Amino acid sequence: MKMELSPEVFELAPGFRRAVVIARDIDNEGRSEELELRLTIAMARFREKYTRENFRQTPKLAIWDEIFRKMSVNPNKFPPSITNLAKRTLAGNEIAFISKVVAIMNIVSLETVLPLGGDDLASVTGDLRLGPAVGNETYRPQGRPDETESPRPGEIVYLDTGSAEVLCRAWCWKNGHTTRIRDETTRVALNIDCADGQIAEDLPAVVATVSSLLEHHCGARIETHVLDRDHPAVTIDL
């Protein structure tokens, strides 16, 4: 399987980097009191640091609003995943424990203020590409698999080239239903996005944290890669 970033990605965000954590042989079933506690602490610390009035001014979030506007997507109507997670947290909503892998993504997103997304690799049929949509691709909203929609032409989407199904709309807005991470999931690809203005030097530490949590709580075998302008593609052996 090939994972790649299209050239158009770097026209919108020249310094963009995507770290990919491949986790195999994971055990995603059951709960973890340790992860539940860490998620609770992450929410509390986020609320201590940010307010509903100022959180979008932090550079790590403001840069995504700028990128979304560049691709003609309204970030207020279609907020980046990290912005949506922040809004829910600051509104006093508890981020539910869905599964161990999903909890790890939410924990690290709140701790680092970076977008994280993940897909069940067993449901992918082709290669994975982050790039502009043609407009005839199919997207199934999470939780509503019988509903389909198509992205706007030029919208940056995460695409399964085999099925022409969009796994995530608007770069890092919302993941789809088909590759959702379930209790029985055993192979995942987690994406950690670092855009212009964010501290790229922090990315290895974030990757190490995600990898360690997956190994400790899910028994995962880990493989990691970083995609950027100079290295826009990687092939992984499933």
Side-chain angles (χ1 to χ4, degrees), residues 17-52 55 58 60-61 79-123 142-143 167-168 172 174-175 177 179-194 198-226 236 238:
R17 303 177 76 194
R18 167 168 282 188
V20 181
V21 178
I22 307 296
R24 299 179 175 88
D25 299 334
I26 65 172
D27 175 8
N28 195 37
E29 296 185 346
R31 304 184 73 87
S32 164
E33 291 184 2
E34 187 177 342
L35 286 176
E36 291 186 74
L37 176 59
R38 185 159 173 170
L39 180 57
T40 298
I41 292 171
M43 288 186 285
R45 288 179 176 170
F46 197 90
R47 292 172 184 138
E48 290 173 359
K49 189 171 183 179
Y50 302 102
T51 69
R52 296 175 70 176
F55 77 99
T58 184
K60 283 188 175 182
L61 294 180
S81 63
I82 179 58
T83 302
N84 184 54
L85 186 65
K87 288 173 64 176
R88 290 166 57 199
T89 301
L90 294 174
N93 298 322
E94 295 301 305
I95 306 302
F97 184 98
I98 304 299
S99 70
K100 290 184 286 189
V101 172
V102 174
I104 289 168
M105 289 193 294
N106 287 332
I107 288 165
V108 177
S109 282
L110 287 170
E111 290 179 348
T112 64
V113 197
L114 292 175
L116 269 75
D119 297 279
D120 186 331
L121 290 175
S123 301
Q142 193 160 155
L167 309 187
C168 186
C172 58
K174 188 175 289 188
N175 282 81
H177 185 83
T179 58
R180 71 197 184 282
I181 295 172
R182 298 162 294 165
D183 288 353
E184 58 267 31
T185 294
T186 60
R187 290 180 298 163
V188 299
L190 302 188
N191 300 313
I192 308 164
D193 286 353
C194 185
Q198 297 175 333
I199 303 174
E201 291 77 10
D202 288 349
L203 199 53
V206 180
V207 171
T209 296
V210 172
S211 300
S212 176
L213 289 171
L214 288 167
E215 288 171 337
H216 179 67
H217 295 284
C218 304
R221 293 190 297 113
I222 299 296
E223 174 184 343
T224 66
H225 303 275
V226 176
I236 64 169
L238 294 182

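Here the structure is a predicted model, which is why all the values come from computation and not from measurement. What's counted below: heavy atoms across the whole structure, side chains too, no hydrogens, waters or symmetry copies.
- The shortest distance between side-chain heavy atoms of I26 and R187 does not fall below 4.5 Å.
- A side-chain donor-acceptor contact under 3.5 Å links N28 and S99.
- Contact of the V207 side chain with the I192 side chain is registered, since non-hydrogen atoms from C-beta on lie closer than 4.5 Å.
- Atom-to-atom distance recorded for N191:CG and D119:CG is 6.5 Å, nearest 0.5 angstrom.
- Interatomic distance, I95 CD1 to T40 OG1, rounded to the nearest 0.5 Å: 10.5 Å.
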List the atom pairs, with distances to 0.1 Å, where a side-chain N or O of residues 82-93 and a protein N or O form a donor-acceptor pair under 3.5 Å, not counting sequence neighbours.
from	atom 1	to	atom 2	distance (Å)
T89	OG1	L85	O	2.8

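- Using a cut-off of 4.0 Å between Lys/Arg side-chain N and Asp/Glu carboxylate O, R182 and D120 are scored as salt-bridged.
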Tell me, with the steps shown, if D193 and L116 meet side chain to side chain contact (heavy atoms under 4.5 Å, CB included). CA-CA 7 Å; D193 286 353; L116 269 75; over 6 Å; no
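- Here R38 contributes atom CZ and S32 contributes atom OG; the two are 10.5 Å apart, rounded to the nearest 0.5 Å.
- Here CG of L37 is found 12.0 Å from CZ of F97. Values are rounded to the nearest 0.5 Å.
- When all heavy atoms are compared, the tightest approach of N175 to G118 is ND2-O, 3.6 Å.
- Here the SG atom belonging to C168 is positioned 10.0 Å from the NZ atom belonging to K174, to the nearest 0.5 angstrom.
- Judged by distance alone, the side chain of T185 and the main-chain N or O of I181 form no donor-acceptor pair under 3.5 Å.
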Output side-chain donor-acceptor pairs under 3.5 Å for residues 212-222, partner residues at least two apart or in another chain, one line each.
from	atom 1	to	atom 2	distance (Å)
R221	NE	D25	OD2	2.7
R221	NH2	D25	OD2	3.2

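- Judged purely by atom type and a 3.5 angstrom limit, K100 uses its side chain to pair as donor or acceptor with the backbone of E29.
- Residues E111 and A42 come closest through the heavy atom pair CG-CB, 4.2 Å.
- Residue V101 is tested with D183, D27, L190 for a side chain to side chain contact (heavy atoms under 4.5 Å, CB included); the sole match is L190.
- Counting only heavy atoms from C-beta outward, the side chains of L35 and I104 approach each other to under 4.5 Å.
- Within the 4.5 Å cutoff, the side chain of D202 has no heavy atoms near those of the T112 side chain.
- Residues R18 and V226 have side chains not in contact (no heavy-atom distance under 4.5 Å, counting atoms from C-beta outward).
- With hydrogens and angles ignored, the 3.5 Å screen pairs a side-chain donor or acceptor of H177 with a backbone N or O of G143.
- E94 pairs by the side-chain contact (heavy atoms from CB on, under 4.5 Å) definition with M43, R47, not counting sequence neighbours.
- Side-chain contact between C172 and P80 is present, with heavy atoms from C-beta onward closer than 4.5 Å.
- Looking only at side-chain heavy atoms (C-beta outward), F55 and V113 stay at 4.5 Å or farther from each other.
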